[in-house]
Amino acid sequence: MKNRLLEGPGRTLECIHPKFIVDLVQGVDAPRQSTVVPQQQLFRERLTQEVMAQTQLRPWAMSGVLNENDTLRLGLAEKLASMLDPGHLALTRITQRLTALQMSERRPVNGATGNSQQQYEEMIEHFSQRAGWKEKALTQRGLTVQAGHHSEQIFTRWRAGNYGGWSMAGRCYVALEELRWGAFGDACRLASSEVASMLKDNLRTMAADFLAQGINASSGTRHFYHQWLTTPATPGLMDYKDLLGWLGDWCDAERHPICWSVTQSWQTVALGMPRLCSATRLATAMVDEVFGE
């Protein structure tokens with residue numbers, strides 16, 4: 001398999017591309033993260049190579065130059081966004097990051113020329129316009145209707161076993177990330193607070209039911225946390241773990257203890273992770289952590 005990540009554990013995941021593009025922009029002019037362990041860095045490099053191969057943009061990623069040249073990172077993000085339609089959340093986050101950079105920086109970005117401010121301005125206008133158009137289109141089509149269709153699609157994939165390479169809690173987390181980056185998440189952000197609350201309440205119930213079915217118990221029955229977090233012994237086990245860790249790399253052990261414990265399997269389980277946990281408790285906490293961001 002040429003693209004082991006995108007054609008393996010990531011074959012049905014639609015959140016990979018938007019998160020990848022946002023990560024490119026988030027990393028511009030940011031301090032190089034000294035806390036990234038070698039395995040994480042290796043995964044990011046592998047994923048970059050696979051995305052480049054998939055989009056036939058491999059020359060962009062040669063010699064690891066993306067890690068050092070921020071102008072190139074911005075250019076690649078813009079190119080990928082034009083090819084892949086990353087969605088409203090990604091467009092919004094990219095615009096926010098570029099605006100923050102423009103406001104706080106009056107010097108060239110790393111590896112850039114004095115034209116960096118012009119590059120910011122042009123990209124901010126481009127991405128903010130796209131986000132505005134996307135929001136208008138989403139609203140016209142009906143936010144709650146699209147959220148319902150999207151939710152049904154993701155839970156159908158979960159039921160069909162598409163997320164079976166992850167732990168039971170990992171399957172739930174992957175489903176939530178898929179929803180957050182797509183039409184369901186759009187509705188939670190753009191609809192009224194009452195509608196958003198209703199959508200998330202329904203999501204908590206559905207996620208708890210699916211978790212309970214996976215462990216063959218009622219949603220209120222408590223289980224030792226290892227039962228939720230153990231990854232099944234499947235081919236490509238480490239690829240599944242690494243991809244899950246990347247999807248959850250925004251988590252903080254103190255503020256997001258459940259998602260941290262589910263996704264960062266190479267780390268110690270967070271103190272806030274209940275040692276005995278029901279499907280309802282797990283689903284409720286994960287929805288709150290993911291959609292609270």
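Computed from heavy atoms alone, side chains included, the values below leave out hydrogens, waters and symmetry copies.
- Salt bridge Asp85/Lys134: present, at least one basic N to carboxylate O contact under 4.0 Å.
- With sequence neighbours excluded, the residues forming a side-chain contact (heavy atoms from CB on, under 4.5 Å) with Thr92 are His88, Gln96, Ala131, listed by chain and number.
- Looking at heavy atoms from C-beta onward, Arg180 lies in side-chain contact with Glu177 at the 4.5 angstrom threshold.
- Looking only at side-chain heavy atoms (C-beta outward), Tyr173 and Val290 come within less than 4.5 Å of each other.
- When all heavy atoms of Tyr120 and Leu74 are compared, the closest pair comes out as CE2-CD1, 3.8 Å.
- Atom CG of Leu271 has 12 or fewer heavy atoms from other residues, nucleotides or ligands within 6.0 Å.
- In this pair, Trp250 and His256 present their aromatic rings perpendicular. The plane angle is above 60°, beyond the 30 to 60° band.
- Atoms OG1 and CE, on Thr144 and Met198 in that order, are 6.5 Å from each other to the nearest 0.5 Å.
- Distance alone, capped at 3.5 Å, is enough to place a donor-acceptor pair between the Glu50 side chain and the Arg4 backbone.
- Using a 4.5 Å cut-off on side-chain heavy atoms (C-beta onward), Trp181 and Glu14 make no contact.
- Ser265 meets the side-chain contact (heavy atoms from CB on, under 4.5 Å) test with Lys241; sequence neighbours excluded.
- Residue Leu199 is grouped with residue Trp158 when hydrophobic side chains (ILVMFWY) are merged at heavy-atom distances under 4.5 angstrom, including chains of intermediate members.
- Side-chain contact annotation: Gln54 with His17, donor-acceptor N/O pair under 3.5 Å present.
- Closest approach of Gly185 to Phe291, counting heavy atoms only: CA-CE2, 4.2 Å.
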Applying side-chain contact (heavy atoms from CB on, under 4.5 Å) to Leu13 and Leu247, what does each step give before you reach the verdict? CA-CA 11 Å; Leu13 301 191; Leu247 288 174; 4.2 Å; yes
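- Summarising the geometry of Ser151 relative to Met206, their closest heavy-atom pair is OG-SD, 4.0 Å, with the distance given to 0.1 Å.
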Before you tell me yes or no, could you show the steps for Phe127 and Val25 under side-chain contact (heavy atoms from CB on, under 4.5 Å), namely the whole-Å CA-CA distance, both residues' side-chain angles and the distance that decides it to 0.1 Å? CA-CA 12 Å; Phe127 282 110; Val25 179; 5.9 Å; no
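- Relative to the ring axis of Trp228, Arg275 does not place its NZ or CZ within 45° and under 6.0 Å from the centre.
- Note: Met286 CE to Leu176 CG = 5.5 Å, rounded to the nearest 0.5 Å.
- With Thr230 contributing its side chain and Gln227 its backbone, the two residues share no donor-acceptor pair below 3.5 Å.
- When hydrophobic clusters are built by joining Ile, Leu, Val, Met, Phe, Trp and Tyr residues whose side-chain heavy atoms come closer than 4.5 Å, directly or via intermediates, Leu211 is grouped together with Phe224.
- Within the 4.5 Å cutoff, the side chain of Arg281 has heavy atoms near those of the Pro274 side chain.
- Rounded to the nearest 0.5 angstrom, Ile215 CD1 and His223 NE2 are separated by 4.0 Å.
- Closest approach of Ala183 to His150, counting heavy atoms only: N-ND1, 3.3 Å.
- Taking hydrophobic clusters as Ile, Leu, Val, Met, Phe, Trp and Tyr residues chained together by side-chain heavy-atom distances below 4.5 Å, Leu179 does not share a cluster with Leu143.
- Under the 3.5 Å distance criterion, the side-chain polar atoms of Thr263 are left unmatched by any main-chain donor or acceptor of Leu244.
- Thr48 is not listed as a side-chain neighbour of Leu24, based on a closest heavy-atom distance of 4.5 Å or more.
- In this structure, Pro257 and Glu289 have side chains that are in contact, with non-hydrogen atoms separated by less than 4.5 Å.
- Note: Thr280 OG1 to Asp209 CG = 7.5 Å, rounded to the nearest 0.5 Å.
- A heavy-atom distance below 4.5 Å is not found between the side chains of Leu89 and Pro18.
- Comment: Asp239 engages Arg46 in a salt bridge, judged by a side-chain N to carboxylate O separation of less than 4.0 angstrom.
- At least one side-chain heavy atom of Leu47 sits less than 4.5 Å from a side-chain heavy atom of Ile16.
- Between Ala147 and Ala187 the shortest heavy-atom distance is CB-CB, 3.7 Å.
- Summarising the geometry, atom OG1 belonging to Thr231 is positioned 9.0 Å from atom CE belonging to Met238; distances are rounded to the nearest 0.5 Å.
- Using a 4.0 Å cut-off between charged nitrogen and carboxylate oxygen, Asp288 and Arg204 count as a salt-bridge pair.
- Using a distance-only test at 3.5 Å, with no hydrogens or angles considered, no donor-acceptor pair links the side chain of Glu78 to the main chain of Met123.
- Checking side-chain atoms of Thr139 against main-chain N and O of Glu135 turns up a donor-acceptor pair under 3.5 Å.
- Electrostatic pairing of Glu152 and Arg157 does not count as a salt bridge here, judged by no charged N lying under 4.0 Å from a carboxylate O.
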Does the side chain to side chain donor-acceptor pair (under 3.5 Å) test come out yes or no for Gln49 and Glu45, once each step is laid out? CA-CA 6 Å; Gln49 293 293 337; Glu45 292 172 1; over 6 Å; no
Let me see the working for Phe20 and Leu80 under side-chain contact (heavy atoms from CB on, under 4.5 Å), right down to the final yes or no. CA-CA 9 Å; Phe20 181 82; Leu80 288 173; 3.7 Å; yes
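- Both Met83 and Leu6 are members of a single hydrophobic cluster when ILVMFWY side chains are connected at heavy-atom separations under 4.5 Å.
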For the pair Asp242 and Leu42, evaluate side-chain contact (heavy atoms from CB on, under 4.5 Å) and give the outcome as yes or no after the intermediate values. CA-CA 10 Å; Asp242 289 346; Leu42 179 61; over 6 Å; no
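- Annotation: ring pair (Phe, Tyr, Trp, His ring centres under 6.0 Å) contacts of Tyr240 (sequence neighbours excluded): Trp166.
- A continuous path of ILVMFWY side-chain contacts below 4.5 Å connects Met168 to Val269, so both sit in one hydrophobic cluster.
- The two residues Gln102 and Ile124 have their closest heavy-atom pair at OE1-CD1, 3.4 Å.
- Ser197 places no side-chain N or O within donor-acceptor distance of the main-chain N or O of Ser193, the cut-off being under 3.5 Å.
- Residue Phe155 forms a ring-ring contact (aromatic ring centres under 6.0 Å, His included) with just one option from Phe184, Tyr163, Phe210, and that option is Phe210.
- Of the inter-residue distances, the one linking Cys251 atom SG with Gln267 atom CD reads 11.5 Å to the nearest 0.5 angstrom.
- Look at Lys19 and Asp249 and you find a salt bridge, because one of the NZ, NE, NH1 or NH2 atoms lies within 4.0 Å of a carboxylate O, short of that distance.
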